[in-house]
Structures are given as C-alpha cells and as structure tokens.
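Contents: one structure, followed by commentary.
Throughout, numbering of the chain's residues begins at 1 and tracks the sequence.
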Amino acid sequence: MDNLTHSLVGWAMAEAGLKHRTRKGLAGCILAANMPDIDVFFGWASWAPLAMHRGFTHGLVGGVLIMPPVLALLLWLLDQWQSQPGRQHASGVPMHAGWLVAICYLGALTHPLLDLQNTYAVQLLSPFSSDWFHTDGLFIVSPWMLLMLAAGIARSRSTGRSSPALQSLAIAAAFIATNILVSGQARQSVRERHGNQTERIFAAPEALLFWRRNLAWWNDGRIFHGFYDPLGRGLRMPRSAVSYPDNMRDPAVIAATRASPEVIKFLAWSQLPFARVERRGCMAVVTFGDARFSDLPGRSGFTASAEVPADPECRFR
C-alpha cells in the first residue's frame with residue numbers, strides 16, 4: 001500500500017485512543033505503521049532478504065518481532081532528551097514505556113497486513129522462506145480506504161471523541177474482508193473454467209470500481225489474463241491475447257536467468273515471469289516481464305534484460 005494509507009491507519013489508531021496511553025503515542029502509531037518500508041534504503045545490501053522490498057522488514061520476524069522495540073527505544077530516548085526537570089508536557093500525558101512498546105508493535109503489524117492486500121505481495125516468512133503471500137483485497141492506492149480513514153480521523157479530532165476513528169477502522173476492516181472474499185470468488189471461477197491445476201492466480205482489484213478484478217494466472221507454461229465482475233457476467237476473457245507462452249523453458253531464456261545480478265534480483269521478485277526473446281544473429285536479447293503488471297508480452301512496467309548467445313552451435317564471424 002501507499003505510505004499515505006499506512007499513515008492514516010496509524011493515525012486512526014492513535015485517535016481511537018492509543019495516543020492517550022503514553023507520550024509519543026501518536027508518533028509511535030504513525031512511524032510504526034510506516035517503519036517496514038525502510039527497506040527501500042537497503043536495496044544495495046548484500047543480504048538478499050534485506051535488499052528485497054517487502055522482504056525481511058515486512059516479515060513476521062523482522063518487521064513484526066524485531067523492529068518495533070527498536071523504534072520504541074528511539075522514541076523513548078527522544079522523549080528523554082526533550083524532557084527537562086519540572087517541565088510539564090503540553091499533552092499532559094505521562095510516558096509509559098510499556099504502552100509505547102505495545103503501540104509500536106500494533107502499528108508495525110498493520111503494515112504487512114495492508115501490503116498483503118495487493119498483488120505485489122509480501123514475504124511474510126523472510127528470512128526463513130522466500131515465498132510470497134497475497135490476498136488481493138485492495139488496489140495499491142485505494143481512494144475508498146483514504147476517504148473512510150480520513151473522515152474518521154477528522155471527525156474524532158473535531159469532536160474530541162475516539163469512536164469515529166475506531167468506527168472508520170472497523171469499516172475499513174470490513175471493506176478489506178469483503179474484497180478478499182470477492183477475490184476468492186474470482187480465483188475459484190478461474191479454477192472452475194480452467195481446472196484445479198491452474199497455479200499462481202492473481203486477482204487485482206480496480207481503484208474506483210473496487211468489486212471488479214483484473215486476473216492473471218499461469219497454467220502449463222502459458223500466461224492467461226481475464227476479467228471478473230461479480231455484479232456483471234462473472235469471469236470474462238479478453239478478445240485478444242487470451243494467453244501467450246511464458247517462454248521460460250527456452251534455452252536462451254534459461255541462460256539469461258543467470259546472466260546478471262539485475263535479472264537474478266528481478267526473477268527473485270517476479271511471481272508471474274515471462275520472457276520475450278529477440279534473436280540477432282548469434283546473440284539473443286531476453287527481456288523478462290511480470291504478468292501481474294502487463295497484459296501483453298513486452299508491455300510490462302517492470303522489466304529486466306540480458307544478452308546471451310542464441311545458440312551454442314552458432315559461429316561468430
């Protein structure tokens with residue numbers, strides 16, 4: 001999810017009452033809700049789980065277990081530095097270290113739970129497993145989530161009551177749960193039409209028409225795309241490019257999967273990879289894409305390329 005949504009969730013939790021439990025409660029909620037995204041500054045790291053976005057810092061070990069008490073300690077140290085003997089803080093709220101730690105844990109937990117809702121997915125078990133998890137409950141920037149959370153926060157701040165923020169969080173949770181059910185129905189419709197052997201089904205919600213799903217899946221070496229509308233005709237297939245080969249078994253593609261660090265990292269992240277091969281004499285340019293973000297080969301917003309020998313028997317001139 002976008003960081004504005006993460007921030008609003010943390011802010012709504014604070015307005016629901018957590019900011020009154022301890023000094024730095026508001027900061028703890030918002031910072032903890034965004035903290036796992038610190039991995040964007042570690043793409044250079046030699047340790048793959050840390051370098052992977054939505055890897056270690058988004059997992060149950062790194063993001064949920066280890067990092068919250070670190071943030072709580074930093075906020076406590078900041079509070080101690082800001083405090084002066086005999087000084088009365090404007091909020092009038094005392095510092096409670098235990099509540100600060102608990103708030104940081106609660107805020108941090110919301111981050112992977114939200115990121116789990118879109119097709120980019122999360123490595124929840126990193127560093128012990130590189131498996132990706134997703135529930136496809138939200139578009140990566142949901143205007144509906146932003147609206148309901150912002151309304152709850154604004155109402156709580158204007159009335160001084162915690163109930164509007166708490167209600168907005170409850171409505172947001174129900175909204176997500178409903179969308180997870182719709183995505184489950186979309187995936188089931190694919191299995192009913194194409195067989196239970198269908199693998200890696202992604203059902204991406206639309207931003208405004210949140211009940212509609214853009215589908216992508218893999219079956220026996222081919223990529224498929226479809227559309228699902230529970231209020232319309234159910235599962236529909238596009239008239240063009242219903243499916244295309246992923247080309248991942250092509251010898252040139254197999255060679256390209258190990259050709260550069262960029263490609264290796266891309267394929268570690270990609271979950272519906274496909275390849276386009278352009279042969280130029282004795283060489284081949286292989287471009288990898290991910291079908292979650294592309295409806296046709298070569299039209300992906302995320303790609304990685306490598307040039308490899310097209311045929312081991314080819315003789316260079």
Under 3.5 Å donor-acceptor pairs involving side-chain atoms of residues 43-52, not counting sequence neighbours:
unit_1 : atom_1 : unit_2 : atom_2 : d
Trp44  : NE1    : Phe41  : O      : 2.8

Shortest non-hydrogen contact from Met248 to Ile254?
-> O-CG1, 3.6 Å
Test log, rule side-chain contact (heavy atoms from CB on, under 4.5 Å), inputs Asn214 and Glu206 | CA-CA 7 Å; Asn214 292 301; Glu206 294 187 5; 3.6 Å; yes
Who passes salt bridge (charged side-chain N to carboxylate O under 4.0 Å, His left out) against Arg249, sequence neighbours left out?
-> none
Side-chain donor-acceptor pair present, Ser183, Asp136, cut-off under 3.5 Å = no
Nearest 0.5 Å please: distance from the CD atom of Glu15 over to the CZ atom of Arg161.
-> 12.5 Å
Short N-O contact, Arg213 and Asp229, less than 4.0 angstrom = no
Check: Phe274 ring centroid to Phe288 ring centroid under 6.0 Å | no
N-O pairing of Arg276 and Asp246 below 4.0 Å | no
Check: His194 ring centre within less than 6.0 Å of Trp217 ring centre | yes
Applying side chain to side chain donor-acceptor pair (under 3.5 Å), run through Ser243 and Arg222 and close with a yes or a no.
-> CA-CA 6 Å; Ser243 72; Arg222 298 187 70 84; 3.2 Å; yes
Does the ring center of Trp269 lie less than 6.0 Å from the ring center of Tyr120?
-> yes
For residues Met148 and Phe175, determine if any side-chain heavy atom of one lies less than 4.5 Å from a side-chain heavy atom of the other.
-> yes
Under 3.5 Å donor-acceptor pairs involving side-chain atoms of residues 58-71, not counting sequence neighbours:
unit_1 : atom_1 : unit_2 : atom_2 : d
His58  : ND1    : Asp39  : OD2    : 3.2
His58  : NE2    : Asp37  : OD1    : 3.1
His58  : NE2    : His111 : NE2    : 3.1
His58  : NE2    : Asp115 : OD2    : 3.2

Start with the C-alpha distance between Phe227 and Arg212, add both sets of side-chain angles, then the distance that settles side-chain contact (heavy atoms from CB on, under 4.5 Å), and finish with yes or no.
-> CA-CA 8 Å; Phe227 177 80; Arg212 295 167 53 169; 3.0 Å; yes
